[in-house]
Amino acid sequence: MNGDERGRRLVVLTGAGMSAESGLKTFRDAGGLWEEYDVMEVASIEGWHRNPKLMTEFYNQRREQLAHVEPNLGHRILAELEGFFDVGIVTQNVDNLHERAGSTKVLHLHGELTKVRSVRDETRVRDIGYSRMEFGETDTDGSPLRPHIVWFGEAVPMIAEASRWVAGADIFAVVGTSLNVYPAAGLIHDLRPGTPAFLIDPNEVALPSKSHFTVIRAGAGHGMELLREKLMDLFPAPDPRQR
Ligand code: APR
């Protein structure tokens with residue numbers, strides 16, 4: 001980051017609601033994925049040990065669906081904001097819609113659908129795009145492959161890095177997460193006191209009582225339009241003639 005960007009580090013924590021307007025279901029809303037599926041059967045490490053075939057198929061379906069959806073207005077505005085802010089996105093989403101919208105600094109806390117990895121060595125990650133991972137498929141070293149997803153019951157390797165990003169934020173926003181799942185939900189406690197903070201969600205989200213968030217009660221697309229307006233007012237782009 002150069003001197004011009006000082007004071008303009010915008011960190012955004014996103015969740016499933018960010019991608020809802022692209023047609024991907026959230027988890028905990030009415031009609032959400034966890035009404036249709038048992039979360040412990042398809043998204044926990046115990047589930048993987050019990051029935052890896054079922055879980056492989058669950059993620060094959062999610063990957064297939066991802067190939068047929070597009071980034072929405074919210075994703076696109078976040079990407080455009082890179083023209084004015086040093087934007088870092090910490091996402092709980094395993095889709096790639098932020099990247100496809102053009103965002104360049106995206107940290108995936110819960111893994112990525114388009115990747116698989118060796119069960120024995122978590123550093124052996126392979127990009128498979130939107131193709132299927134067949135049950136029983138192995139890595140070149142002979143280890144079985146698994147989806148590159150952080151499941152319930154597993155550590156969240158990127159949390160320390162995410163925490164550093166949030167602690168370094170000059171402006172912070174939360175978009176489309178129920179803040180139910182830790183450690184991701186705890187990231188808001190890493191904010192420096194007095195950091196301007198915004199929350200976009202069409203529904204009520206429980207925030208810690210002392211929090212000073214400006215709440216924008218809207219979906220991700222319209223909410224991001226409103227946030228862009230607020231940010232442009234509060235943090236006008238530096239005059240290039242004064243550089
Ligand atoms: N725009 C913005 N937010 C929306 C929209 C929308 N159009 N529609 C729904 N929401 C909000 C809901 O009101 C809710 O607060 O998105 C949030 C979705 O919450 P969850 O379904 O709990 O999703 P998330 O917070 O991302 O879940 C966290 O839980 O199951 C795990 O690993 C999974 O990463 C996921 C984690």
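Both ligands and their constituent atoms are indexed starting at 1 by order of listing. Given the structure is predicted, the values throughout are model-derived calculations rather than measurements.
The N/O atoms of A220, backbone and side chain alike, include one that comes under 3.5 Å of an N/O atom in ligand 1. Annotation: V175 places no N or O atom under 3.5 Å from an N or O atom of ligand 1; distance criterion only. Checked by distance only, ligand 1 and G17 come closer than 3.5 Å through their nitrogen or oxygen atoms. For the pair W34 and ligand 1, the shortest N or O to N or O distance falls below 3.5 Å. Ligand 1 has no N or O atom lying under 3.5 Å from any N or O atom of P202, backbone or side chain.
Scanning the protein for heavy atoms near atom 18 (C) of ligand 1, the closest one is G176 O, 3.7 Å. Nearest to atom 32 (O) of ligand 1 among the protein's heavy atoms is H110 ND1, 3.5 Å. Among all protein heavy atoms, the one lying closest to atom 19 (O) of ligand 1 is S178 N, 3.3 Å. Given atom 33 (C) of ligand 1, the protein heavy atom at minimum distance is F27 CE1, 3.6 Å. Given atom 25 (O) of ligand 1, the protein heavy atom at minimum distance is T177 OG1, 2.6 Å. When hydrogens are left out, the protein atom nearest atom 9 (C) of ligand 1 is D29 OD2, 3.3 Å; that is the closest non-hydrogen contact. Of the protein's non-hydrogen atoms, the one nearest atom 14 (C) of ligand 1 is D201 OD2, 3.6 Å.
Residue contacts with ligand 1 include V181, since one of its heavy atoms falls under 4.0 Å from the ligand.
Atoms of ligand 1 lying under 4.0 Å from at least one heavy atom of E21, given by number and element, are 1 (N), 6 (C), 7 (N). The G15 neighbourhood of ligand 1 comprises atoms 26 (O), with distances under 4.0 Å to a heavy atom of that residue.
Counting only non-hydrogen atoms, the option in Q92, R28, M18, M224 that gets closest to atom 29 (O) of ligand 1 is R28. The option from A16, G74, A43 that lies nearest to atom 23 (O) of ligand 1, judged by heavy atoms, is A16.
When hydrophobic clusters are built by joining Ile, Leu, Val, Met, Phe, Trp and Tyr residues whose side-chain heavy atoms come closer than 4.5 Å, directly or via intermediates, L145 is not grouped with V125.
At distances below 3.5 Å, at least one donor-acceptor pair connects side-chain atoms of E35 with backbone N or O atoms of G31. Checked by atom type and distance alone, the side chain of R9 pairs as donor or acceptor with a backbone atom of G168 at under 3.5 Å.
A side chain to side chain donor-acceptor pair (under 3.5 Å) with T14 holds for exactly one of H98, H75, Q92; it is H98.
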